[in-house]
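Right, one structure below, let's go through it.
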2 protein chains.
Amino acid sequence: MAEARRSWREVRDAIRADILSGRLSPGDRLPRDEDLARRLNCARSTVQRAMQDLSQAGLVERRRRGGTRVRPDPVTRATFDIPITRHEVEARGARYGHQLIRAAELPAPPAVVAAFDLHSPERTLYVEALHLADGRPYILEERWIATRTVPEIRAVDLTRISANEWLVLNRPYSRCDLRFYAIQADPRVARLMGAAPGAALLVIERTTWIGSEPITTVRAITAPGYQLQTRT
Amino acid sequence: MAEARRSWREVRDAIRADILSGRLSPGDRLPRDEDLARRLNCARSTVQRAMQDLSQAGLVERRRRGGTRVRPDPVTRATFDIPITRHEVEARGARYGHQLIRAAELPAPPAVVAAFDLHSPERTLYVEALHLADGRPYILEERWIATRTVPEIRAVDLTRISANEWLVLNRPYSRCDLRFYAIQADPRVARLMGAAPGAALLVIERTTWIGSEPITTVRAITAPGYQLQTRT
DNA sequence: ATTCATAATATGTGCGCACAAAACATGTCA
DNA sequence: TGACATGTTTTGTGCGCACATATTATGAAT
């Protein structure tokens with residue numbers, strides 16, 4: 001059948017076409033790598049490379065000894081890049097600025113303790129700040145920082161560098177949970193954001209850990225009209 | 001120095017630690033794979049595997065002949081799985097239902113033509129449908145389907161299977177653009193969703209193509225309180 | 001100085017091999 | 001029957017090699 005050697009992309013595309021065209025259905029088992037390699041006239045490592053890609057894309061599931069199966073519930077998998085807010089603003093060609101609204105050492109409220117996956121209370125630094133693009137409100141962030149994990153943050157001048165930027169640059173994280181939802185601007189948020197009271201705002205919530213130690217959780221309230229889109 | 005052979009994960013973690021700790025700064029160039037391999041006591045292919053991972057995670061950028069550099073603008077990269085709505089509802093333990101509100105062949109409005117990256121007008125099937133969880137509104141979708149690319153859709157009984165599910169199962173796509181934002185429910189949407197007028201709703205907009213041919217663009221308006229989160 | 005062909009170099013791909021590790025199957029023993 | 005050890009199967013990892021490919025650097029010719 002096939003004569004020319006196939007590249008891993010060709011192998012991937014061939015299998016993907018089989019799945020997407022319905023020749024393979026969700027839940028179906030695929031031949032083992034070695035058989036596919038023989039059939040497609042390539043090395044097993046090439047099939048492996050193709051499968052690695054398909055697996056990461058969420059199209060197939062692989063298990064040792066269990067073989068490879070078409071994912072039973074097809075999904076659309078999307079990847080987003082969330083940059084440092086300053087970079088995001090500057091990439092839009094706007095002038096970046098930020099205002100520290102409040103910084104205070106507080107015990108973590110129950111919602112934050114829950115977000116951190118903890119039971120016991122946690123000492124936190126609460127930081128509220130407004131990111132500006134060309135002087136106009138861009139993102140309002142309400143942030144809790146676990147001072148036990150990040151004690152140095154207390155020595156940082158948060159009027160000079162935003163907690164967002166300092167943390168991303170200085171605190172590696174091993175786990176990051178993200179959540180998106182919509183809220184209506186309450187009077188206070190509306191005033192800070194220069195939005196109409198009741199306006200619909202996209203919220204990006206992010207919590208990070210290093211190992212099992214919580215670092216920070218932040219509620220980023222975006223300005224009216226803000227859109228988040230997949231990288232191209 | 002190092003004696004034990006390193007696995008690609010160890011190599012990846014070592015390099016990642018160098019980046020995140022600041023020993024390597026954004027924009028810095030890394031040694032070439034071969035030197036890293038010698039230094040870390042492993043094969044070049046192992047370094048290659050580690051770099052592949054770091055590159056996909058957005059931590060480094062690699063170019064042939066240009067070498068490897070730490071990405072100049074650090075980002076948080078997040079991956080979402082957007083399942084078929086029926087699966088999503090059922091995974092929450094709820095009973096799925098859906099109602100076809102309207103289906104009509106219409107010329108694509110300008111916004112849709114733009115979303116499809118086209119200039120000329122396009123014949124579309126407009127479909128409006130409501131997805132239900134336990135009988136309650138879950139997602140309202142407004143969808144335009146390019147009938148030139150997907151003529152078979154006209155023969156599908158959209159009261160029996162949702163356009164969402166039919167398309168995902170029958171129409172492979174090669175490109176998918178996603179966009180999230182918040183809207184306020186206008187009176188009609190509020191009535192359909194059983195929400196208060198003016199409620200903040202998360203909208204997921206998705207456009208797919210096969211090759212350069214548009215398939216569909218959909219505006220999925222979610223019920224109040226809907227949250228989208230990264231897969232765990 | 002500018003343009004263009006050419007060389008040098010780092011990453012990307014592919015192969016074949018060997019062994020590791022997970023997960024499932026089987027059979028033994030109580 | 002049930003718990004547990006053992007074997008088998010499939011994917012995962014690692015190595016070393018050769019060559020492909022993209023990109024930058026070099027230098028010649030105008």
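Lettering follows sequence order; numbering is per chain, from 1.
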task: Please lay out, stage by stage, how Glu152(A) and Arg171(A) fare under the test salt bridge (Lys or Arg N to Asp or Glu O under 4.0 Å).
output: CA-CA 10 Å; Glu152(A) 319 92 291; Arg171(A) 282 284 124 169; 2.4 Å; yes
To the nearest angstrom, how far is [X] atom [atom1] from [N] atom [atom2]?
X        : N       : atom1 : atom2 : value
Leu40(B) : dC15(D) : CG    : C1'   : 15 Å
Asp53(A) : dG14(C) : CG    : P     : 12 Å
Arg44(A) : dC15(C) : CZ    : C1'   : 12 Å
Arg64(A) : dC19(C) : CZ    : C1'   : 11 Å
Leu30(A) : dT9(D)  : CG    : C1'   : 17 Å

With a 4.0 Å cutoff (strictly under), does any side-chain N or O of [X] reach OP1 or OP2 of [N]?
X        : N       : value
Thr46(A) : dT13(C) : no
Ser7(A)  : dG14(C) : yes
Arg9(B)  : dT13(D) : yes
Ser45(A) : dT13(C) : no
Arg63(A) : dT11(D) : no

Would you mind classifying the nucleic acid contact of [X] as base, sugar-phosphate or nothing, using non-hydrogen atoms under 4.0 angstrom?
X        : result
Arg49(B) : nothing
Gly67(B) : sugar-phosphate
Arg69(B) : nothing
Gln48(A) : base

- prompt: When the ring centroid of Phe80(B) is compared with that of Phe80(A), is the distance short of 6.0 Å?
  reply: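 Yes.
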- prompt: Is Arg160(A) atom CZ crowded by more than 12 heavy atoms from other residues, nucleotides or ligands, each under 6.0 Å away?
  reply: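 12 or below, so no.
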message: Closer than 3.5 angstrom, by distance alone: can the side chain of Arg29(A) be matched with the main-chain N or O of Arg69(A) as a donor-acceptor pair?
response: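 Such a contact is absent between Arg29(A) side chain and Arg69(A) backbone.
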query: If you round to the nearest 0.5 Å, how far is CH2 of Trp166(B) from CG of Asp157(B)?
result: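 With rounding to 0.5 Å, CG (Asp157(B)) is 13.0 Å from CH2 (Trp166(B)).
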message: Distance criterion of 3.5 Å, no angle test: do you see the side chain of Arg65(B) paired donor-to-acceptor with the base of dT24(D)?
response: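 Flag set: donor-acceptor pair detected.
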